[in-house]
Amino acid sequence: MQDARRFYEDYGIDVDHVIQTCINVPISIHCWQADDVVGLEAKSDASDSGGILATGGHPGRARSGDEIRADLEWVLDRVPGSHRLNLHAMYAETGATSVPRDELEPDHFSNWIEWAAGQRLGLDFNPTYFAHPYAKEGFTLSSQNRDIQGFWIRHGKACRRIAKAFAEAQNSDCVINHWIPDGAKDNPIDRWAPRARLRSALDEVLSVPIPGVVDAVESKLFGLGSEDYVVGSFEFYAQYASQSNALLCLDMGHFHPTETIHDKLSALLQFQDDLLLHVSRPMRWDSDHVVLFDDNLRAVFAELNRGASLNRVKIALDFFDASINRVAAYVIGIRATRKAMLAALLEPVSQLKQLELEGRFAEKLALLEETKTLPFGAAWNELCDRAGVAGAEWIQDIQAYEANIGGTRG
């Protein structure tokens with residue numbers, strides 16, 4: 001590690017400071033990778049996936065809140081840095097009683113609140129506007145049926161009250177992200193009325209500011225069953241966020257297949273104080289593949305660091321894969337996200353900017369190329385050591401998990 005420090009010091013980078021900075025940035029871990037986005041509701045309440053589909057049949061899916069929490073503890077022991085937990089409303093634990101989503105209360109999440117406190121994790125939250133009989137027609141908050149729309153408005157308000165309880169229990173903000181899958185499969189004639197209804201419904205849901213609750217709205221290009229038209233498009237939510245107190249959420253997989261989001265960050269953050277980032281990996285479409293330390297992910301964090309805006313983006317994960325060991329998928333994705341963050345922080349940004357400012361573009365490109373072979377691996381291993389987690393040795397734990405836990409679940 002001493003050699004690594006020397007290499008980076010030649011570029012004016014304090015590796016120890018960078019590592020500590022990287023460790024301190026929280027990543028919000030999504031609960032739904034553990035159980036394939038099934039949730040904990042009574043089966044009679046679940047209907048229609050809302051375009052969310054975890055593919056594969058690897059054994060070991062978590063079947064209860066206790067099993068999800070056990071899996072998350074296994075994961076947390078193997079990922080470095082600060083973390084939070086991101087819950088969906090469909091993970092309420094209501095016992096033998098079936099509770100309608102518009103009647104959910106903080107008590108239905110008491111197990112999560114207690115567990116998160118013990119793990120020193122902050123909680124974030126999401127209303128579940130899908131996988132429900134009232135979502136079967138493809139429209140929720142934008143439904144023309146006032147009974148259906150009213151149900152989802154009440155659900156959104158109930159979720160904000162739950163987020164308020166989370167914020168109070170943890171003495172820190174709770175980010176609540178509103179992703180609404182409404183849309184049409186093929187060529188709707190009226191694209192106007194659903195968007196007007198969605199705007200009005202969101203205004204009602206978000207009408208009362210709640211201290212400690214940070215609302216966000218998330219766009220999508222298309223989904224299963226909404227291939228032609230999504231009511232809450234990027235254009236819709238970019239405007240909505242600019243005229244409300246809501247943050248704009250950017251999901252890395254929610255744009256055109258060849259479109260990446262890193263260039264959007266410097267534009268949007270000229271006008272928004274903060275953004276919510278959903279870290280995912282699309283494979284030709286919004287397939288929510290396990291996040292890898294790839295060029296797209298590195299570009300996102302490099303852009304944030306170059307704009308000194310890492311502290312202006314709330315980072316959350318959003319992927320699910322049922323074809324491989326689920327807890328290993330968690331660890332791979334979380335560690336990849338932290339690696340991208342570390343790589344960005346180790347870039348000699350000030351030198352690169354100065355070369356660009358002076359028009360010395362060949363030297364800028366040359367320096368960028370040279371930094372690619374700096375001893376990043378040594379810095380990553382030091383980060384893991386400092387955080388008290390294993391390096392690559394964690395891979396050996398997967399087989400033991402399969403035998404001791406995953407194999408008993410079928």
Side-chain angles (χ1 to χ4, degrees), residues 28-72 75 84-94 101 104 108-109 112 123-136 138 140 152 155 159 162 176-183 218 220 222-226 230 232 249 251-254 276 278-283 285-291 316-334 406 409-410:
S28 195
I29 303 171
H30 56 313
C31 72
W32 47 95
Q33 162 63 31
D35 78 327
D36 305 341
V37 208
V38 172
L40 302 176
E41 295 172 306
K43 294 299 181 183
S44 61
D45 285 347
S47 174
D48 185 71
S49 70
I52 293 180
L53 179 65
T55 57
H58 193 85
R61 181 184 74 80
R63 302 159 299 182
S64 68
D66 287 340
E67 288 184 350
I68 295 173
R69 287 185 283 270
D71 285 353
L72 288 167
V75 169
R84 301 172 64 85
L85 178 68
N86 200 9
L87 278 171
H88 244 286
M90 66 196 298
Y91 291 86
E93 293 176 280
T94 63
R101 289 189 189 169
L104 288 173
H108 299 132
F109 296 87
W112 292 107
L123 288 171
D124 297 315
F125 201 52
N126 306 259
T128 306
Y129 296 105
F130 58 88
H132 190 279
Y134 279 179
K136 286 172 63 177
T140 61
W152 290 114
H155 174 60
C159 288
I162 293 164
I176 177 168
N177 183 52
H178 300 262
W179 176 69
I180 297 124
D182 298 20
E218 178 181 1
K220 194 169 186 176
F222 79 96
L224 298 177
S226 60
V230 173
C249 174
D251 186 297
M252 294 179 66
H254 283 195
L276 174 60
H278 271 195
V279 178
S280 185
R281 180 169 63 99
M283 187 73 73
W285 64 291
D286 177 39
S287 49
D288 291 294
H289 278 63
V290 177
V291 172
L317 305 178
D318 189 1
F319 59 81
F320 36 90
D321 190 344
S323 71
I324 62 175
N325 181 291
R326 292 168 182 80
V327 295
Y330 263 134
V331 178
I332 293 166
I334 298 166
R409 299 179 186 172

Begin with the C-alpha distance, continue with both residues' side-chain angles, and end with the deciding distance and a verdict on side-chain hydrogen bond (donor to acceptor under 3.5 Å, both in side chains) for D318 and W32.
CA-CA 8 Å; D318 189 1; W32 47 95; 3.1 Å; yes
Worked verdict on T94 versus H108 for side-chain hydrogen bond (donor to acceptor under 3.5 Å, both in side chains):
CA-CA 6 Å; T94 63; H108 299 132; over 6 Å; no
With side chains defined as the heavy atoms from C-beta onward, is the minimum distance between [X] and [Y] less than 4.5 Å?
| X | Y | answer |
| --- | --- | --- |
| H254 | F222 | no |
| I334 | L317 | yes |
| Y129 | P181 | yes |
| S28 | L85 | no |
| I68 | D66 | no |
| I324 | D321 | yes |

Is [Y] paired with [X] through a side-chain N to carboxylate O contact shorter than 4.0 Å?
| X | Y | result |
| --- | --- | --- |
| D35 | R409 | no |
| K220 | D251 | no |
| E67 | R61 | no |

Any luck finding a side-chain donor-acceptor pair between [X] and [Y] under 3.5 Å?
| X | Y | value |
| --- | --- | --- |
| S287 | H289 | yes |
| N177 | D124 | no |
| S323 | H58 | no |
| Y134 | H155 | no |

Aromatic centroids of F125 and F109 separated by under 6.0 Å
yes
Under 6.0 Å between the ring centres of H132 and W152?
yes
Nearest heavy-atom neighbours spanning [X] and [Y]:
| X | Y | result |
| --- | --- | --- |
| H178 | P127 | ND1-CG, 3.6 Å |
| S280 | D288 | OG-OD1, 3.1 Å |
| D286 | P282 | CA-CB, 4.4 Å |
| E93 | L40 | CG-CD1, 3.7 Å |
| V290 | F319 | CA-CD1, 3.9 Å |
| T128 | A89 | OG1-N, 3.1 Å |

Go through it in stages, so that I can follow the logic: the residues are L87 and N126, the test is side chain to side chain contact (heavy atoms under 4.5 Å, CB included), and I'd like the CA-CA distance, side-chain angles, deciding distance and then a yes or no.
CA-CA 6 Å; L87 278 171; N126 306 259; 5.7 Å; no
Any donor-acceptor pair under 3.5 Å linking the side chain of W112 with the backbone of G65?
no
Polar side-chain atom of R84 near backbone of I29 as donor-acceptor pair, under 3.5 Å
no
Which residues pass the side-chain hydrogen bond (donor to acceptor under 3.5 Å, both in side chains) test with D182, sequence neighbours left out?
T140, S142
Is the ring pair Y330/H30 parallel, tilted or perpendicular, if the boundaries are 30 and 60 degrees?
perpendicular
Verdict with reasoning, M90 to F130, per side chain to side chain contact (heavy atoms under 4.5 Å, CB included):
CA-CA 9 Å; M90 66 196 298; F130 58 88; 3.9 Å; yes
Exactly one candidate in V37, T55, D36 meets side chain to side chain contact (heavy atoms under 4.5 Å, CB included) with F320; the answer is V37
Might you work through the side chain to side chain contact (heavy atoms under 4.5 Å, CB included) test for D71 and R326, ending with a clear yes or no?
CA-CA 9 Å; D71 285 353; R326 292 168 182 80; 5.8 Å; no
